[in-house]
Student: 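One structure is given below, represented as structure tokens, and several questions about it will come after.
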Amino acid sequence: MQQYDPFKIEPKWQEVWRDLHIDSVTEPDVGSVVETDSSGSAKTTNNKPFYYTLEMFPYPSGDVHMGHVRNYTIGDVVSRYKRMQGYNVLHPIGWDSFGMPAENAAIKQNSTPATWTYANIDKQRESLKRLGFSYDWNRTVITSDANYYHWGQWIFIKLWQRGLVERKSSPVNWCPTCQTVLANEQVIDGGCWRCHTAVERKELEQWFFKITEYAQELLDDLDKLDGWPERVKQMQANWIGRSTGAEIAFTLCDDNGEPTNETITVFTTRPDTLFGCTFFLLAPEHPLVEGFVSGTEYAAEVDRVVKLASSASAVERSKGEREKNGAFTGRYVINPINGDKVPIWISDYVMMDYGTGAVMAVPSGDQRDFEFARKYGLAIPPVVVSKDDALFEELKNVQERKLNDVTWAEAYDGSGIMVQSGEFTGMQGGKDSPGAQAVIDKLSTSKQGQATVNFRLRDWLISRQRYWGNPIPAIYCKHCGIVPVPESDLPVVLPMDVDVTKGETLASRPDFYEVKCPVCGADARRETDTMDTFTCSSWYYLRYTDPHNKSLPFAPEKVNAWMPVDQYIGGIEHAILHLLYSRFFTKALRDVGLLNFDEPFTNLLTQGMVKLHGEVMSKSKGNVIAPEDIIKSYGVDALRVYILFMAPPDKDLDWSQEGLEGIFRFINRIWRSVYDLTGETVVDGEGTQLSVYDLKIDNAEAKKRGEELNREYHRVIGKVTADIDRFNFNTSISAIMELLNTVSAYIKIPVSMRDDQLAERVAQALVLLLAPMAPHICEELWSEALGMEGSVHLQNWPEFDPAQAIAGQVELAVQVNGKIKARVTVSSEASEAEVQSAALESVHEFIGDTQAKKVVVVPKKLVNIVV
RNA sequence: GCCCGAGUGGCGGAAUGGCAGACGCGGAGGUCUCAAAAACCUUUAUCCUCUGGAUGUGUGGGUUCAACUCCCACCUCGGGCACCA
């Protein structure tokens with residue numbers, strides 16, 4: 001037999017698989033889902049449980065890169081492995097094809113976004129096929145196809161009808177480079193997530209999805225996601241940012257300092273510190289500020305601070321130590337707990353879009369308020385002190401305010417005892433403390449306060465002033481207001497002839513936006529904004545379950561049968577954006593009545609990046625290793641196995657050419673060894689025989705090697721199975737290498753002295769175990785070397801007997817006081833007493849006749865003798 | 001500041017509390033060859049007074065018969081959030 005040649009066998013089998021439709025999922029007969037197994041998975045009448053593997057679909061910007069190869073190889077291994085284990089596996093692929101890069105590329109190439117996008121999709125599709133991924137190509141979803149975005153518009157309208165869509169004016173993030181607004185999640189370090197330009201804040205009327213209505217559930221359900229990495233859940237929890245506390249209403253005084261009927265409400269997490277509130281703060285852009293100061297002596301200074309705040313970019317405001325600027329407005333509010341009249345200031349450290357835009361300042365308990373008070377000479381009375389604090393003894397029973405200032409260098413925001421706090425003095429204060437609760441209770445009797453929860457999460461801004469996206473199906477009518485496009489008129493088709501090279505958008509196209517009102521028939525204007533591309537990627541995994549449906553985005557019975565996704569695989573960069581939005585979509589569509597589960601992805605694997613010399617590969621750095629070039633030299637199987645072998649999947653991987661050659665050698669050895677096990681000899685290009693027999697081997701030695709091989713056979717099947725279950729692909733490949741090393745010793749035995757049945761069994765196991773990772777060579781060996789019928793990928797995963805993985809004789813380490821002093825070989829069935837006496841015997845020279853205090857026996861591993 | 005992760009040979013990395021360094025890369029030596037490549041075999045944590053012994057998983061403590069693994073404190077690196085009241 002000739003040596004391994006990937007370039008002959010890889011195209012050959014890819015063609016065979018395509019013609020056999022080997023990768024298409026058996027469409028579940030959803031009407032006849034008969035039972036659910038113990039894990040809750042649905043089963044079809046053929047009794048195969050469903051398994052849905054999904055990898056994050058690519059954005060078609062150029063050809064596939066190493067990150068894709070890694071992502072999709074992991075998914076492919078899981079899919080093939082699960083299929084061999086008897087699951088009905090859904091493993092689809094598609095393209096997330098709307099978005100800015102297509103517009104930029106079109107401008108650069110004097111073309112259209114569609115031309116560029118679809119050319120890249122074709123290129124990527126070919127590459128994915130060349131990589132041998134087992135996708136069900138009949139289920140491809142492309143988000144820029146009208147038969148997909150149609151249903152995105154339909155879902156938009158369903159959410160609108162349910163009150164989850166809102167058009168409102170609010171301060172939003174504007175990217176001056178991309179010429180569009182951005183969602184909060186798309187602002188990274190104060191810059192645009194795509195082009196890094198510093199974003200500007202603008203007050204604009206835009207479309208929002210009310211994701212905040214699900215803030216609590218999105219947070220709570222993170223606890224259900226046992227199959228998600230802790231770090232992703234933590235990031236989402238941080239982003240949602242739940243704070244418990246209270247809303248407290250302060251009565252506003254008029255310009256003569258007399259109480260009015262109006263109140264201003266603040267949010268605080270520390271109602272227990274209310275007695276220490278000595279001033280009150282409004283955000284510079286707070287709507288009340290202008291009315292307070294206009295025409296007064298305070299107007300000039302307030303105006304100066306407002307201008308100072310608005311000129312600071314988001315980047316500056318979010319970096320480093322900030323000098324706190326403020327100005328007195330001339331007005332006062334009444335502290336509801338003690339009737340104190342406290343001055344209203346404005347300050348740039350108060351954010352209009354968190355809480356109520358107003359803050360009760362407690363300088364002794366909050367570092368920012370403390371700094372502000374020091375700068376402007378405001379009082380800092382202590383109200384919660386630690387028992388260890390020097391002030392504790394002095395103030396512990398003091399109810400009225402005696403001490404108006406502290407000598408502390410900084411505020412104390414920990415828990416402690418309430419002092420100078422009237423009837424609450426002596427109570428435990430702190431976040432969510434009894435004292436805090438008592439203050440809330442007291443205020444709530446007079447309706448001046450109530451317990452409440454605040455979230456950091458903002459509503460999702462989904463409108464974009466860009467052409468290459470899904471048109472928002474809304475119409476503005478002078479008489480009827482904003483009305484949805486009727487379902488029967490969907491999809492609102494994105495015209496293909498908008499010339500982005502001339503800066504055109506939908507807003508430059510009267511033939512697009514001039515429409516009749518669907519309600520009253522009057523002349524009306526169609527919305528020309530498109531949806532954020534993340535709306536498209538928030539439900540594509542649902543469409544895969546029913547991709548050709550012409551009357552619904554998906555049939556509920558199909559989506560409910562397949563979903564949730566059993567295993568989702570993708571990059572950590574989507575920890576917040578895509579994964580949070582998808583969770584929101586799932587919950588919202590559940591409430592619309594389209595599906596019956598709460599979370600879209602049961603298990604999540606966030607794969608690490610592929611780097612070169614510790615740096616991210618990028619075109620601009622010129623350090624890209626193209627998968628195509630690797631495939632040309634080593635073939636697809638070597639690339640796949642290499643990328644799995646070099647690091648655990650969730651860790652970053654540093655590319656090394658030497659490592660790859662090692663894997664290529666391994667695959668060549670598999671080839672030779674499988675043929676050798678069948679008794680056939682592999683020859684190299686010059687016809688030299690590559691098998692070397694060791695003629696010194698006698699029958700006893702052959703028997704010994706056979707026993708060893710049988711043991712490794714059982715042990716390695718067990719190990720590979722367990723490792724793939726845990727996604728430890730690197731160690732599962734190591735285990736196959738170990739089996740191969742044992743095989744190498746076995747095939748030194750001249751053919752006439754071998755156990756043919758054992759050899760055949762081992763050869764089959766090698767091929768079956770490696771098949772999910774190196775599908776082409778294994779298919780070739782299965783049919784050509786082993787002469788088996790049918791595809792290796794449709795075989796059952798090999799079984800093993802744990803009992804046979806154990807040697808008859810085992811070597812134990814013998815420790816004395818935890819240090820290894822000797823080794824003994826005992827029968828694996830030896831009793832503990834036998835093991836003990838053998839162990840004691842072996843260390844006699846070290847311990848003499850000293851009595852052992854204690855002997856610990858770990859079966860088949862070691863013995864520890866304590867003297 | 002708050003919250004997560006991670007620190008193991010020359011390198012990538014293995015180890016349910018039970019023989020640290022599996023497996024691979026790289027290195028050294030050898031077989032085959034006129035020679036080389038390929039292949040195969042042996043060897044490869046560090047140190048020492050070297051048929052043996054000591055040390056060793058970021059640092060310092062602790063729990064345990066036994067700790068890379070568990071606990072406490074700290075250091076370094078990576079990531080998320082952050083004038084969030």
Side-chain angles (χ1 to χ4, degrees), chain A residues 3 188 229-243 245 266-270 273 281 283 317-324 347-351 353-362 365-369 371-372 413 454-456 572 575-576 642 645-648 650-663 665-666 668-669 672 682 684-686 688-692 694 719 723 728 730-738 740-741 744 748 811-820 823 852-867:
Chain A
Q3 280 180 291
I188 312 292
E230 201 50 48
R231 128 176 116 128
V232 174
K233 290 193 276 187
Q234 197 64 48
M235 282 163 72
Q236 292 216 353
N238 280 347
W239 188 262
I240 295 166
R242 181 180 195 267
S243 299
V266 299
F267 171 75
T268 179
T269 57
R270 292 296 301 276
T273 64
L281 291 166
R317 279 176 85 167
S318 70
K319 265 191 190 144
E321 286 289 298
R322 279 136 299 215
E323 174 75 18
K324 289 160 183 50
S347 179
D348 46 12
Y349 72 88
V350 178
M351 307 284 117
D353 56 3
Y354 182 76
T356 60
V359 171
M360 60 174 237
V362 182
D366 180 282
Q367 186 57 24
R368 295 155 299 169
D369 298 344
E371 287 167 24
F372 191 86
D413 62 5
N454 214 346
F455 291 96
R456 212 192 67 98
I572 186 72
I576 294 171
Y642 171 68
F645 178 69
M646 284 307 282
D650 55 336
K651 279 204 181 174
D652 286 352
L653 176 157
D654 208 43
W655 186 265
S656 124
Q657 200 73 13
E658 290 81 23
L660 177 62
E661 293 193 10
I663 288 298
R665 279 202 287 272
F666 162 66
N668 274 283
R669 279 181 69 204
R672 283 197 308 272
V682 175
D684 69 12
E686 292 159 15
T688 310
Q689 190 172 310
L690 291 171
S691 306
V692 185
D694 185 347
K719 168 93 173 135
D723 282 351
N728 290 351
N730 53 335
T731 53
S732 66
I733 293 165
S734 295
I736 296 172
M737 288 172 171
E738 285 166 339
L740 187 62
N741 288 344
S744 293
K748 295 279 180 310
E811 192 187 59
L812 305 183
V814 183
Q815 298 178 324
V816 175
N817 292 338
K819 299 233 176 223
I820 292 167
R823 287 168 192 286
K853 267 195 229 160
K854 189 174 180 183
V855 179
V856 181
V857 176
V858 182
K860 300 180 183 74
K861 295 237 161 97
L862 60 72
V863 181
N864 191 11
I865 295 161
V866 189
V867 294

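By convention in this document, chain letters (A, B, ...) are assigned in the order of the sequence lines, proteins followed by strands, and residues within each chain are numbered from 1.
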Student: Take the protein atom CH2 of A:Trp239 and the nucleotide atom C1' of B:rA82, then report the distance between them rounded to whole Å.
Tutor: 11 Å
Student: In whole Å, measure the gap between the C1' atoms of B:rA22 and B:rA45 for me.
Tutor: 14 Å
Student: Distance between the P atoms of B:rG60 and B:rU8, in whole angstroms?
Tutor: 16 Å
Student: Between B:rC23, B:rG18, B:rC3, which nucleotide gets closest to the side-chain atoms of A:Gln234?
Tutor: B:rC3
Student: Say you pick atom C1' in B:rG80 and the same atom in B:rA73; how far apart are they, in whole Å?
Tutor: 25 Å
Student: Identify all pairs in which a protein N or O lies below 3.5 Å from an N or O of nucleotides 11-16 of chain B, and state each distance.
Tutor:
residue, atom, partner, partner atom, Å
B:rG12, O2', A:Met646, O, 2.5
B:rG13, O3', A:Asn730, ND2, 3.3
B:rA14, OP1, A:Asn730, ND2, 3.0

Student: side-chain hydrogen bond (donor to acceptor under 3.5 Å, both in side chains) with A:Gln367: which residues, sequence neighbours excluded?
Tutor: A:Glu371
Student: Write down the partner of B:rC65 under the Watson-Crick or G-U wobble criteria, each distance required to be under 3.5 Å.
Tutor: B:rG18
Student: Is there a donor and acceptor pair closer than 3.5 Å between the side chain of A:Asn864 and the base of B:rC65?
Tutor: yes
Student: Quick check for you: among B:rG18, B:rC83, B:rA85, whose closest atom lies nearest to any side-chain atom of A:Leu862?
Tutor: B:rG18
Student: Nearest 0.5 angstrom please: A:Ile733 CD1 to A:Glu738 CD, how far?
Tutor: 12.5 Å
Student: Considering just the side-chain nitrogens and oxygens of A:Lys854, establish if one lies under 4.0 Å of OP1 or OP2 belonging to B:rC65.
Tutor: yes
Student: Take atom CD1 of A:Ile736 and atom P of B:rG24, then tell me their distance rounded to the nearest Å.
Tutor: 13 Å
Student: A:Gln815 CD to B:rA20 C1': how many Å, rounded?
Tutor: 12 Å
Student: Using the P atom in both, what is the distance from B:rC2 to B:rG10, to the nearest Å?
Tutor: 36 Å
Student: B:rU31 pairs with which nucleotide, Watson-Crick or G-U wobble, both distances below 3.5 Å?
Tutor: B:rA39
Student: Select base, sugar-phosphate, or nothing to describe what A:Gly241 touches, counting heavy atoms under 4.0 Å on all strands.
Tutor: nothing
Student: Is the side chain of A:Glu811 donor-acceptor paired with the backbone N or O of A:Arg823 at a distance under 3.5 Å, no angle test?
Tutor: no
Student: Using the test side-chain hydrogen bond (donor to acceptor under 3.5 Å, both in side chains), find all partners of A:Arg242 that sit at least two apart in sequence or belong to another chain.
Tutor: A:Gln216
Student: Please write out the pairs of protein N or O atoms and N or O atoms of nucleotides 49-56 of chain B separated by less than 3.5 Å, giving the distance to one decimal.
Tutor:
residue, atom, partner, partner atom, Å
B:rU55, OP2, A:Lys819, NZ, 3.4

Student: Using purine N1 to pyrimidine N3 plus N6-O4 or O6-N4 for Watson-Crick, or N1-O2 and O6-N3 for G-U wobble, each under 3.5 Å, what pairs with B:rG24?
Tutor: B:rC11
Student: Write down the distance between CG (A:Asp413) and P (B:rA85), rounded to a whole number of angstrom.
Tutor: 10 Å
Student: Please report the C-alpha distance between A:Met360 and A:Thr273 in whole Å, then the side-chain angles of each, then the deciding distance to 0.1 Å, and finally whether the side-chain contact (heavy atoms from CB on, under 4.5 Å) criterion is met.
Tutor: CA-CA 10 Å; A:Met360 60 174 237; A:Thr273 64; 3.7 Å; yes
Student: Heavy atoms under 4.0 Å, any strand shown: does A:Thr269 hit a base, just sugar-phosphate, or nothing?
Tutor: sugar-phosphate
Student: Between A:Ala735 and A:Val858, which residue's closest nucleotide on RNA chain B lies nearer the 5′ terminus?
Tutor: A:Val858
Student: Mind telling me if B:rG52 is syn or anti? Syn here is a glycosidic angle within 90° of 0.
Tutor: anti
Student: Return the CD1 to CG distance between A:Ile576 and A:Asn238, rounded to the nearest 0.5 Å.
Tutor: 7.5 Å
Student: Return the CG to CD1 distance between A:Asn817 and A:Ile865, rounded to the nearest 0.5 Å.
Tutor: 9.5 Å
Student: Who are the side-chain contact (heavy atoms from CB on, under 4.5 Å) partners of A:Ser243, not counting sequence neighbours?
Tutor: A:Phe267, A:Thr269, A:Tyr354
Student: Between B:rG27 and B:rC11, how far is it from one C1' atom to the other, in whole Å?
Tutor: 11 Å
Student: Less than 3.5 Å between a donor and an acceptor, one on the side chain of A:Arg823 and one on the base of B:rC19, is that the case here?
Tutor: yes
Student: Could you tell me how far apart A:Asn817 (CG) and B:rA67 (P) are, to the nearest whole angstrom?
Tutor: 11 Å
Student: To the nearest Å, give me how far apart NZ (A:Lys324) and C1' (B:rA85) are.
Tutor: 12 Å
Student: Considering only B:rC84, B:rC19, B:rC25, which nucleotide approaches the side chain of A:Met351 most closely?
Tutor: B:rC84
Student: Is the side chain of A:Asn864 donor-acceptor paired with the backbone N or O of A:Gly818 at a distance under 3.5 Å, no angle test?
Tutor: yes
Student: Looking only at the side chain of A:Glu738 (C-beta and beyond, no hydrogens), which of the listed nucleotides B:rC23, B:rA82, B:rA85 gets closest?
Tutor: B:rC23
Student: What is the distance, rounded to the nearest whole Å, between atom CD of A:Glu371 and atom C1' of B:rG1?
Tutor: 12 Å
Student: Check the distance between B:rA66's P and A:Lys853's NZ and give it to me in whole angstrom.
Tutor: 11 Å
Student: Does the ring of A:Phe372 carry A:Lys324 above it, NZ/CZ under 6.0 angstrom from centre and within 45° of its axis?
Tutor: no
Student: Is it the case that the ring center of A:Trp655 lies less than 6.0 angstrom away from the ring center of A:Tyr642?
Tutor: yes
Student: Can you list the steps and then say if A:Val350 with A:Val359 is a side-chain contact (heavy atoms from CB on, under 4.5 Å)?
Tutor: CA-CA 7 Å; A:Val350 178; A:Val359 171; 3.8 Å; yes
Student: As a test of reading the structure: which of B:rC81, B:rA20, B:rG18 is closest to the side chain of A:Asn238, going by heavy atoms?
Tutor: B:rC81
Student: Using the C1' atom as the point on both nucleotides, what is the distance between B:rG61 and B:rG13, in whole Å?
Tutor: 30 Å
Student: More 5' along RNA chain B: A:Arg368 or A:Gly818, using each one's nearest nucleotide?
Tutor: A:Gly818
Student: Both distances under 3.5 Å, Watson-Crick or G-U wobble: report the partner of B:rA73, or none.
Tutor: B:rU59
Student: Do the side chain of A:Arg456 and the main chain of A:Ile240 share a donor and acceptor less than 3.5 angstrom apart?
Tutor: no
Student: Please evaluate residues A:Ile820 and A:Val814 with respect to the criterion side-chain contact (heavy atoms from CB on, under 4.5 Å), reporting the C-alpha separation (whole Å), side-chain torsions for both, the decisive distance (0.1 Å), and the verdict.
Tutor: CA-CA 6 Å; A:Ile820 292 167; A:Val814 183; over 6 Å; no
Student: Strictly by Watson-Crick or wobble contacts shorter than 3.5 Å, is anything paired with B:rC50, and which nucleotide is it?
Tutor: none
Student: Enumerate all atom pairs, one protein N or O and one N or O from nucleotides 37-41 of chain B, separated by less than 3.5 Å.
Tutor:
residue, atom, partner, partner atom, Å
B:rA39, O3', A:Arg672, NH2, 3.2
B:rC40, OP1, A:Arg672, NH2, 3.3

Student: Would you indicate what A:Gln367 reaches in the nucleic acid, counting non-hydrogen atoms under 4.0 angstrom: base, sugar-phosphate, or nothing?
Tutor: nothing
Student: Once you apply the 3.5 Å cut-off to both distances, tell me the Watson-Crick or G-U wobble partner of B:rC81, or none.
Tutor: B:rG1
Student: How far does the P atom of B:rA36 sit from the matching atom of B:rU49, given to the nearest Å?
Tutor: 37 Å
Student: Looking only at atom C1', what distance separates B:rG21 and B:rG79, rounded to whole Å?
Tutor: 28 Å
Student: Do A:Leu281 and A:Asp369 have side chains that get closer than 4.5 Å, going by heavy atoms?
Tutor: yes
